[in-house]
Amino acid sequence: MSEKYDVIVIGAGIIGACVGFELAKKGKKVLNVDKLSGSGFGSTSGSCAIIRLHYSTTDGVAMAREGYYYWLDWARYLGKVDPTGLVKYINTGCMVFKSEKNNYLKNVMASLEEMHVCYEELEPEGIEKLVPIADTRLFGPPVTMDDSRFGEPTGGTIAGAVYIPESGLISDPKQSVHNVQVAGENMSGKYLFNANVVEILKKDGRCAGIKLTDGTKIQAPVVINVAGPHSYQINEMAGVIEGMNIKTRPLKQEVCHVPAPEGYDYNNLGTIISDSDIGCYSRPEIGNHILIGSEDPECDTLEYVDDPDTYNQNFTDQWTTQVMREAQRLKGLPIPGGGKTQGIVDLYDASDDWIPIYDKSDLPGFYMAVGTSGNQYKNAPVVGVLMAELVEACENGHDHDHNPVKFNMHYTKRECNIGFYSRLREINMNSSFSVVG
Ligand SMILES: Cc1cc2nc3c(=O)[nH]c(=O)nc-3n(C[C@H](O)[C@H](O)[C@H](O)COP(=O)(O)OP(=O)(O)OC[C@H]3O[C@@H](n4cnc5c(N)ncnc54)[C@H](O)[C@@H]3O)c2cc1C
């Protein structure tokens, strides 16, 4: 391939595909490259694809609010219908438990109000009415399985919850990337698979393209790192890590799939639950199963991995711990043993404060949309717009580091200050320091 491009996007996950699509819409000649054999085969394929609106910061809520409308308006966003099928947004609602850890959701409720998101405050009786199999006793703060207190109530009842009816999930995260690929190709975007980037080319003090394992060089004045859990490797190749105050690391996650309690139609009556009292989130999963993920409580040892290509992809005691924690909350939840563990093992690209980095770098022409920390699938279409605005402004000479680029979001009309996601920011202490973001 000796062609030249305006922009190369490294990665064809949901974020990379949306970034490529938006730049193609701006008339740029764009190439998405991925070392895997198709789009969405990376960490996006392991995503729980939850679309929820509660975040710890107002900017987080605003981004999710904007992203939500793209999923509702999916076919129109794409402009071209993927002949292999469009994904569906399935509304389930989301119940977030109040706890000391999340400051009883005071900041979250203020942000939801600012973004005109309807929510309902529930007392324990309201929680039981919504999910009759819920045990509203307090079990937290979470402890590990070897603690004598594990599984025991700690006295009293949960302080209540916030129920946000506008929340749900996407039917098939991998297919959603294919949908965006088809839309991007319709705008003349190109995709190259089985193409492993091993070097970022430089010329005259700026980024000049990429080199692949087989020695192929592809030229472009702009390269964007959207490599998911491999993002730190690409940043290393570009030599830009020194110039970043916030860093990213791959973090192993185990997601459990277990049958719903006997006789309860969780598929139709269940809801997403974010439960910091037990340190888990859950959602309905096809086959009347419940999907259980971790909210990364302080007692757990987070398993950062050195090499995202060779980590232990087996379930461990962490799987059992999460199911047992959820069984505290949902009466009658079976705890499968004897090799019947089901679910997903995958990696987050975790940033130091669990808030992503959407930014330029110290190498002119080299940009990044990284550190998505297990919580940015829902925002991908907005990130596409954000990165396209950022690249356009910076390539036109705008000094983003000193005067952050801003743009008005399409649906909510709110101003998005891209500086919020800067690589140079101090750690954001308003973050939950968990997947909640
Ligand atoms: C278990 C799990 C559950 C999650 N649940 C949710 C959720 O419910 N809601 C939510 O909003 N978010 C969720 N997330 C987060 C969300 O899925 C991610 O933020 C998002 O999918 C990241 O997309 P991406 O395009 O940045 O990365 P990826 O999908 O990982 O894509 C990166 C691509 O880059 C490619 N690549 C890497 N290195 C190279 C190289 N050297 N050369 C060429 N190509 C390369 C990879 O092959 C890969 O395909 C979850 C994530 C995980 C892992």
Side-chain angles (χ1 to χ4, degrees), residues 8-20 31-53 55 60 63-64 67-68 71 94 167-170 173-174 176-177 180-181 191-200 210-213 218 223-238 248 250-256 272 274 281-283 285 291-295 308-309 343-351 354 356-358 368-384 387 435-437:
I8 294 171
V9 179
I10 303 175
I14 190 64
I15 309 251
C18 289
V19 170
L31 175 71
N32 277 77
V33 292
D34 202 295
K35 63 180 180 174
L36 299 177
S37 57
S39 55
F41 286 23
S43 73
T44 300
S45 67
S47 182
C48 302
I50 291 174
I51 310 296
R52 43 102 184 164
L53 301 176
Y55 274 80
M63 185 83 139
Y68 170 76
W71 296 108
C94 178
S167 304
L169 54 105
I170 297 300
K174 189 160 114 193
S176 68
V177 188
V180 184
Q181 179 190 338
Y191 277 75
L192 180 67
F193 296 112
N194 301 307
N196 184 32
V197 177
V198 291
E199 192 182 325
I200 303 299
I210 56 169
K211 186 173 157 194
L212 306 178
T213 316
I218 310 175
V223 173
I224 310 178
N225 175 4
V226 200
H230 294 78
S231 70
Y232 77 97
Q233 293 179 344
I234 305 290
N235 279 342
E236 261 169 18
M237 289 175 204
T248 62
L251 174 65
K252 181 181 169 184
Q253 289 291 315
E254 299 183 33
V255 176
C256 328
I272 296 163
S274 171
Y281 67 88
S282 59
R283 71 153 170 83
E285 172 64 20
L291 175 156
I292 305 159
S294 175
E295 287 198 352
D309 292 316
I344 279 168
V345 178
D346 217 315
L347 297 171
Y348 291 164
D349 182 32
S351 79
W354 296 76
I357 304 170
Y358 300 138
M368 64 186 87
V370 303
T372 56
S373 306
N375 61 51
Q376 293 292 305
Y377 172 84
K378 63 184 77 56
N379 294 338
V382 196
V383 180
M387 291 303 294
V435 70
V436 175

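Since this is a predicted model, take the numbers as computed values, not measurements. As the structure lists them, so they are numbered: ligands from 1, and atoms in each ligand from 1. Along the sequence shown, residues are numbered consecutively beginning with 1.
Atoms of ligand 1 found under 4.0 Å from any heavy atom of Ala227 (numbered from 1 in listed order, with element): 32 (C), 34 (O), 37 (C), 38 (N). Short contacts between ligand 1 and Pro229, defined as distances under 4.0 Å to a heavy atom of the residue, involve ligand atoms 30 (O). Close contacts between ligand 1 and Asn196 involve ligand atoms 40 (C), 41 (N), 42 (N) [criterion: under 4.0 Å to a heavy atom]. Atom numbering of ligand 1 starts at 1 in the shown order; those under 4.0 Å from a heavy atom of His230 are 37 (C), 38 (N). Contact atoms of ligand 1 toward Val226: 26 (O), 32 (C), 34 (O) (distance under 4.0 Å to a heavy atom of the residue). Every atom of ligand 1 with a heavy atom of Gly13 under 4.0 Å away is listed here by number and element: 25 (O), 29 (O), 31 (O). Each of the following atoms of ligand 1 lies closer than 4.0 Å to a heavy atom of Ala195: 42 (N), 43 (C). Proximity to Ser43 (heavy-atom distance under 4.0 Å) selects the following atoms of ligand 1: 27 (O), 28 (P), 29 (O), 30 (O).
Contact annotation for Val197 and ligand 1: heavy atoms of both the backbone and the side chain come within less than 4.0 Å of the ligand.
Judged by distance alone, the side chain of Ser373 and the main-chain N or O of Ser351 form a donor-acceptor pair under 3.5 Å. Counting only distance, with no hydrogens or angles, the side chain of Thr44 and the backbone of Ile14 share a donor-acceptor pair below 3.5 Å. The main-chain N or O of Thr248 is never found under 3.5 Å from a side-chain atom of Asp349 such that the two would form a donor-acceptor pair. For Arg283 (side chain) and Cys94 (main-chain N/O), no donor-acceptor pair under 3.5 Å exists by modelled atom type. Proximity of a side-chain donor or acceptor of Asn375 to a complementary backbone N or O of Val436 within less than 3.5 Å is not detected.
Under the 4.0 angstrom criterion for non-hydrogen atoms, Ser39 is not in contact with ligand 1. Residue contacts with ligand 1: Ile344 is excluded, as none of its non-hydrogen atoms falls under 4.0 Å. For the pair Phe41 and ligand 1, no heavy-atom separation below 4.0 Å is found. Using a non-hydrogen distance threshold of 4.0 Å, Ile234 registers as a contact of ligand 1.
When Thr44, Asp34, Leu291 are ranked by how near their heavy atoms come to atom 21 (O) of ligand 1, first place goes to Thr44.
Considering only residues two or more places apart in sequence or on other chains, Asn194 meets the side chain to side chain contact (heavy atoms under 4.5 Å, CB included) condition with Ser37. Under the rule for a salt bridge (Lys or Arg N to Asp or Glu O under 4.0 Å), Lys174 has no partner lying at least two apart in sequence or in another chain.
Residue Tyr348 places no N or O, backbone or side chain, under 3.5 Å from any N or O of ligand 1. Considering backbone and side-chain atoms alike, Cys48 places an N or O below 3.5 Å from some N or O of ligand 1.
Checking Asn225 against His230 by side-chain atom types alone, no donor-acceptor pair falls below 3.5 Å.
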Begin from the C-alpha positions of Ile10 and Met237 and carry the test side chain to side chain contact (heavy atoms under 4.5 Å, CB included) through to its verdict. CA-CA 12 Å; Ile10 303 175; Met237 289 175 204; over 6 Å; no
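Partner of Val197 under the side-chain contact (heavy atoms from CB on, under 4.5 Å) criterion, out of Asp34, Ile8, Leu212: Leu212 alone.
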